[in-house]
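For reference, the structure is listed below as structure tokens.
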Amino acid sequence: MRYFKRSLAIGSIILIAVIVFFVFSVNYRDRRIDDSIVLTTAAKNTENTTERKRILIAENKEGNYQIYYDNETVYLVHDGIEKEFKGWTAAIHEKDPEMYYKDYDGDGEKELLVKLVSGVDRNVYKVKTYVYNIYLFKPIELENGKMDYQIIGATSDTWRKPFEEAIRSELTQLKSCNKFLQFVMDDADTPLTYDSKTGISKNKHVAFVSALSDNKKKYYTFSNWSRGKGVYEIKENGDITLDIEVLANYEEVDSTQTIGDIHCDIAVLNGEFAIVPKTIYFEPREGFKVLDPRDTADKKWSYVIKNSSTSVPAMDDGSIDWIDTRLELSSGVKEKSVYLGEMQSEIKAVDSIKFNGDSIVLTAKAGYHFMQRVINNGTYSVTISKDGGEFDVSYSASVSERNDRSVLTIKLDKRYKKSDLNQAQIKFGV
């Protein structure tokens, strides 16, 4: 599910300056590749020189561009124009460059775009990911009649200063439910305002993600945030996008959580790479997506399902530690009876299930009890389908005694509408 579908409008074009160095801003940096541009002879006559054997590593046939490597230097060749890039050797050892050919600056002529590895990351699971620089090559004629290139470049960090000068943004944790982190963006001259009771922003461009939790589903206390590296991607049609990491830190742990990315489209404007206005939005990372806490039921409601089975299920010591069920909530009524005696899980040992907008309460049959260790292990969930995704909407759980019966209460992360919980899947235990 995407947030910020109404993309952020910025009053002025954000220009990305040409910088030939960068520094990773994430804690787990593994390797930086020297990507500085070293340009030598604009056009070389190679007939009378002894050269090392060159290897073709990338080619764009439409524009007649080739990239060669001779174990020491990288060469870009096009219609007799040859450029040397001594600083690209480490990059092409890691991965071959990618080449794209289209009209990027809108002048009716196509230019060459090169996507080049500039760094290598490995996360805590040792999974390798690449960071890229991009370079645009535009052939130009010099005063002496010879051909050369106008070169535009952007690194994983060149967006930072112009972006931060144009966009005001902030990450906070909701007061009403610390499961939710809230990311807010707006134009730099627009203040960010919040509800004093819930902590929910009053701005238009707001997105939500799940905070990090321990293995018992206890959510950590948010402490600070930062923007990480920017990752360029090139679509099949040559269009350029930029995704900027948003990182969160917590008081209880040292690890940094990448909660999502600020997505932007990139174009060539006024001779520079620039972020395209009205294309900026925030995209949560998989595994941390949540439903919007502002979308709640207008009023309180309840619905009760009673177990019509009078049989007593045979279970060791009456312990309930395995429930996996999906029950339908009928429209037009507030209560119904369902025969649960033939269910596979231990839901058959439950006497009633009461759905409220903000909780689900299960009452066990006499002689049966819910196991506290399941809650201690955090192995419970309430999963619903909405907006094309699956979401665990549980927040906390507790076991209590009421009228000599064991009661399991699963608190939800907000007050849901009845229609939202119509096909909720309840799990308790493995």
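- At least one donor-acceptor pair under 3.5 Å links the side chain of Asn203 to the backbone N or O of Thr193.
- Checked by atom type, the side-chain pair Thr256/Asn249 shows a donor-acceptor distance below 3.5 Å.
- Between Ile280 and Cys264, the shortest heavy-atom contact is CG1-SG, 4.2 Å.
- Judged by distance alone, the side chain of Arg415 and the main-chain N or O of Asp295 form no donor-acceptor pair under 3.5 Å.
- Here the CD atom belonging to Gln66 is positioned 12.0 Å from the CD1 atom belonging to Ile57, to the nearest 0.5 angstrom.
- By the 4.0 Å N-to-carboxylate-O rule, Asp351 lies too far from Lys306 to be salt-bridged with it.
- Atom CD1 of Ile360 sits about 5.5 Å away from atom CG of Leu421, to the nearest 0.5 Å.
- For the pair Asn60 and Glu62, the minimum side-chain heavy-atom distance is below 4.5 Å.
- Stacking of Lys334 on the aromatic ring of Tyr303 is not recorded, the 6.0 Å distance cut-off and the 45° axial limit not both being met.
- Residues His263 and Thr241 bring no donor and acceptor atom of their side chains to less than 3.5 Å of each other.
- At distances below 3.5 Å, at least one donor-acceptor pair connects side-chain atoms of Asn377 with backbone N or O atoms of Arg373.
- Atom CG of Leu408 is separated from atom CG of Leu362 by 5.0 Å, given to the nearest 0.5 angstrom.
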CA sep, side-chain torsions, deciding dist, call: Ser385, Gln423, side chain to side chain donor-acceptor pair (under 3.5 Å): CA-CA 8 Å; Ser385 299; Gln423 291 291 330; over 6 Å; no

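- Annotation: side chain of Lys179 is not in contact with side chain of Leu412 (no heavy-atom distance under 4.5 Å).
- A donor-acceptor contact closer than 3.5 angstrom is absent between the side chains of Thr73 and Glu84.
- Counting heavy atoms from C-beta on, the side chains of Phe288 and Thr258 never come closer than 4.5 Å.
- Ionic pairing of Asp105 and Lys138 is present here: one or more N-O contacts between side-chain nitrogen and carboxylate oxygen are shorter than 4.0 angstrom.
- Under a cut-off of 6.0 angstrom, the local environment of NZ in Lys102 is crowded, with over 12 non-hydrogen atoms contributed by other residues, nucleotides or ligands.
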Take Tyr395 and Asn178, measure what side chain to side chain donor-acceptor pair (under 3.5 Å) needs, and give me the verdict at the end. CA-CA 9 Å; Tyr395 177 55; Asn178 67 355; 2.6 Å; yes

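- Distance alone, capped at 3.5 Å, is enough to place a donor-acceptor pair between the Asn307 side chain and the Val350 backbone.
- Contact annotation: the side chain of Tyr75 never approaches that of Phe85 to less than 4.5 Å [non-hydrogen atoms, C-beta and beyond].
- Of the residues listed (Phe222, Phe208, Trp225), the one engaging Phe183 in a ring pair (Phe, Tyr, Trp, His ring centres under 6.0 Å) is Trp225, and it is the only one.
- Around NZ of Lys216, the count of heavy atoms belonging to other residues, nucleotides or ligands within 6.0 Å does not exceed 12.
- The environment of Asn403 atom CG is sparse: at most 12 non-hydrogen atoms of other residues, nucleotides or ligands sit within 6.0 angstrom.
- Panel note: side chain Lys348, backbone Ser309; no donor-acceptor pair is recorded below 3.5 Å.
- Residue Leu136 holds its CG atom at 14.0 Å from OH of Tyr100, rounded to the nearest 0.5 Å.
- Counting heavy-atom neighbours within 6.0 Å of Glu342 CD, excluding the residue itself, gives a total of 12 or less.
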Show the numbers, then the answer: is there a side chain to side chain donor-acceptor pair (under 3.5 Å) between Tyr130 and Glu94? CA-CA 9 Å; Tyr130 293 110; Glu94 188 65 43; 3.2 Å; yes

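- Closest approach of Pro284 and Val209 over heavy atoms only: CB-CG1, 3.5 Å.
- Around the NZ atom of Lys217, the shell of radius 6.0 Å holds more than 12 heavy atoms that belong to other residues, nucleotides or ligands.
- Here the shortest heavy-atom pairing between Ala397 and Ile375 reads O-CG2, 3.5 Å.
- For CG of Asp298, the number of neighbouring non-hydrogen atoms (other residues, nucleotides, ligands) closer than 6.0 Å is 12 at most.
- Using modelled atom types and a 3.5 Å distance limit, the side chains of Tyr219 and Gln173 yield no donor-acceptor pair.
- In this structure the side chain of Arg285 never reaches within 4.5 angstrom of the side chain of Ile259, judged on heavy atoms.
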Kindly indicate, with the supporting measurements, whether the criterion salt bridge (Lys or Arg N to Asp or Glu O under 4.0 Å) is fulfilled by Glu286 and Lys289. CA-CA 6 Å; Glu286 287 297 328; Lys289 294 183 179 182; 3.0 Å; yes

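- At distances below 3.5 Å, at least one donor-acceptor pair connects side-chain atoms of Asp103 with backbone N or O atoms of Gly108.
- Between the side chains of Thr198 and Asp195, at least one donor N or O sits under 3.5 Å from an acceptor N or O.
- Put simply, the side chain of Ile234 does not reach to within 4.5 Å of the side chain of Asp239, judged on heavy atoms.
- The backbone N or O of Asp321 lies less than 3.5 Å from a partner atom in the side chain of Glu346, making a donor-acceptor pair.
- Shown here for Lys386 and Phe391, the closest heavy-atom pair between the two residues is O-CE1, 3.0 Å.
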Take Thr155 and Asp157 through the test side chain to side chain donor-acceptor pair (under 3.5 Å) and record every step on the way to the result. CA-CA 5 Å; Thr155 76; Asp157 221 33; over 6 Å; no

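- Lys95 and Tyr132 share a donor-acceptor pair across their side chains, judged by distance under 3.5 Å alone.
- Pairing each heavy atom of Glu165 with each of Ala188, the nearest pair is O-CB, 3.4 Å.
- At least one side-chain heavy atom of Leu174 sits under 4.5 Å from a side-chain heavy atom of Ile200.
- Checked by atom type, the side-chain pair Asn356/Ser359 shows a donor-acceptor distance below 3.5 Å.
- A cation-pi arrangement, defined by a distance under 6.0 Å to the six-membered ring centre and an angle within 45 degrees of its axis, is present between Lys414 and Tyr416.
- Other residues, nucleotides and ligands place more than 12 heavy atoms under 6.0 Å from the CG atom of Asn71.
- Residue Glu390 qualifies as enclosed at atom CD: its count of foreign heavy atoms under 6.0 Å is above 12.
- Between Glu233 and Lys115 the shortest heavy-atom distance is OE1-NZ, 3.0 Å.
- Between Tyr69 and His93, the ring centre distance stays below 6.0 Å.
- Ile67 CD1 to His78 NE2: the interatomic distance, rounded to the nearest 0.5 Å, is 13.0 Å.
- The backbone N or O of Gly230 sits nowhere less than 3.5 Å from a side-chain atom of Arg160 that would complete a donor-acceptor pair.
- Between Asp121 and Lys229 there is a salt bridge, with a side-chain nitrogen of the basic residue lying less than 4.0 Å from a carboxylate oxygen of the acidic one.
- Between Phe137 and Tyr149, a ring centre-to-centre spacing shorter than 6.0 Å is recorded.
- At distances below 3.5 Å, at least one donor-acceptor pair connects side-chain atoms of Ser308 with backbone N or O atoms of Tyr339.
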